Amino acid sequence: MSIRYAYILLLFSVLSTPVCAQEIAVLHYEGGGDWYANPTSLPNLAAFCNANLNTNLNTKTATVKATDPGIQQYPFVHMTGHGNVFFSEEALQNLRDYLLSGGFLHIDDNYGIDTYLRPQLKRLFPQEELQELPADHPLFSSAYPFKEGLPKIHEHDGKRPQAFGIFKDGRLVLLYTLESDLGDGWESAAVHNDPPEVRENALKMGANIIKYAFEN
């Protein structure tokens, strides 16, 4: 059975059958960057999806190293941080195998990762370029409508939020969200004291990403 077919079967269990919880994971990468930033964000997003999308995600989020072949068991992996990112050759091959086998990687810039990340993505897929997703891409309406595309959660430099993707054989395998800081919006309310509507927008956009990743 192909990994992609296995993910399709998992989709039915995650979206329809509340029997065994499906795990999503945070990526532990090399380079010294704070891959562990926003510790409450993914558990909160999983809980939001369970409450609003009828998913059955494990709210005790797993951690997986970029070099770990066990990454294949997670249909959705999230990566964040502020600082340096480095992928060894072993990590690059492992991540490449994961994504080409049906996995999905969401990278959310927590402000400062961009300079370090882009060269690593070029090493990951040398023949591919990051493509900005237009506001009418299905990602922005899979569960909740975002007519303007990616929402702005934290200001930082005041630049517009952008969502970039890498596609393989027509499938979005990697999503990179920049100048939005979704992960901060997913954190527990007391962490950043964001207005309720801002945090809700972040969680709804995260739910869109989860739903899109599992269905595509």
Side-chain angles (χ1 to χ4, degrees), residues 4 24-31 33-35 37-38 41-42 64 66 71 74-89 91-142 146-186 202 205-206 208-216:
R4 184 63 188 160
I24 56 180
V26 171
L27 187 70
H28 179 177
Y29 52 86
E30 303 160 271
D34 55 339
W35 58 267
N38 298 348
S41 63
L42 216 56
V64 62
I71 195 173
Y74 305 106
F76 178 93
V77 173
H78 175 74
M79 173 180 169
T80 192
H82 300 82
N84 190 35
V85 176
F86 178 75
F87 293 137
S88 64
E89 289 300 324
L92 287 171
Q93 187 60 57
N94 192 51
L95 289 171
R96 198 177 295 122
D97 290 345
Y98 166 69
L99 295 171
L100 294 179
S101 298
F104 186 96
L105 177 62
H106 172 224
I107 306 171
D108 186 48
D109 174 35
N110 204 359
Y111 192 56
I113 202 174
D114 188 66
T115 300
Y116 306 101
L117 176 68
R118 288 180 184 263
Q120 300 304 311
L121 295 184
K122 196 61 183 175
R123 293 176 63 220
L124 181 63
F125 289 117
Q127 306 304 317
E128 306 297 336
E129 299 290 339
L130 286 169
Q131 301 179 38
E132 184 170 1
L133 304 185
D136 62 355
H137 189 277
L139 179 77
F140 300 115
S141 58
S142 62
F146 286 85
K147 294 182 179 180
E148 303 300 320
L150 190 67
K152 186 80 167 176
I153 306 304
H154 283 181
E155 286 300 325
H156 296 311
D157 290 332
K159 297 176 182 177
R160 70 181 181 91
Q162 294 177 278
F164 296 97
I166 290 180
F167 294 82
K168 297 300 291 184
D169 297 325
R171 185 177 72 89
L172 180 64
V173 300
L174 184 150
L175 173 69
Y176 174 36
T177 48
L178 176 66
E179 287 291 336
S180 172
D181 214 341
L182 289 173
D184 273 8
W186 300 343
M205 186 64 235
N208 276 10
I209 296 171
I210 291 282
K211 189 171 188 293
Y212 183 88
F214 273 95
E215 291 182 346
N216 294 275

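All heavy atoms count here, side chains included; hydrogens, waters and symmetry mates do not. On a predicted model such as this, the values are computed, not experimentally measured, just so you know.
- When each of Thr177, Leu178, Asn208, Leu133 is tested with Leu150 by the rule side-chain contact (heavy atoms from CB on, under 4.5 Å), just one qualifies, namely Thr177.
- Applying the 6.0 Å contact sphere to CD of Gln93 captures more than 12 heavy atoms from other residues, nucleotides or ligands.
- Note that CE of Met79 and NE2 of His28 are 11.0 Å apart. Values are rounded to the nearest 0.5 Å.
- For Thr80, the side-chain hydrogen bond (donor to acceptor under 3.5 Å, both in side chains) test picks out no residue, with sequence neighbours left out.
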### Query
Going through the checks in order, is the side chain to side chain contact (heavy atoms under 4.5 Å, CB included) test met by Met205 and Leu139?
CA-CA 9 Å; Met205 186 64 235; Leu139 179 77; 4.1 Å; yes
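- Checked against ring-ring contact (aromatic ring centres under 6.0 Å, His included), Tyr212 has the following partners two or more places apart in sequence or in another chain: His137.
- No side-chain donor from either of Ser142 and Glu215 sits under 3.5 Å from a side-chain acceptor of the other.
- Of the residues listed (Ile71, Val26, Leu99, Leu42), the one engaging Val77 in a side-chain contact (heavy atoms from CB on, under 4.5 Å) is Ile71, and it is the only one.
- Listed by chain and residue number, nothing satisfies the side-chain hydrogen bond (donor to acceptor under 3.5 Å, both in side chains) test with Tyr116 (two or more places apart in sequence, or in another chain).
- Pairs passing the salt bridge (Lys or Arg N to Asp or Glu O under 4.0 Å) check and including a residue from residues 105-114, sequence neighbours excluded, read Asp114-Arg118.
- Residues forming a side-chain hydrogen bond (donor to acceptor under 3.5 Å, both in side chains) with His78 (at least two apart in sequence, or on another chain): His106.
- Sorted by first then second residue, the salt bridge (Lys or Arg N to Asp or Glu O under 4.0 Å) pairs that include residues 157-167, not counting sequence neighbours, are Glu132-Arg160.
- Of the residues Lys122, Gln127, Glu128, Glu129, the one that meets the side-chain contact (heavy atoms from CB on, under 4.5 Å) test with Phe125 is Glu128.
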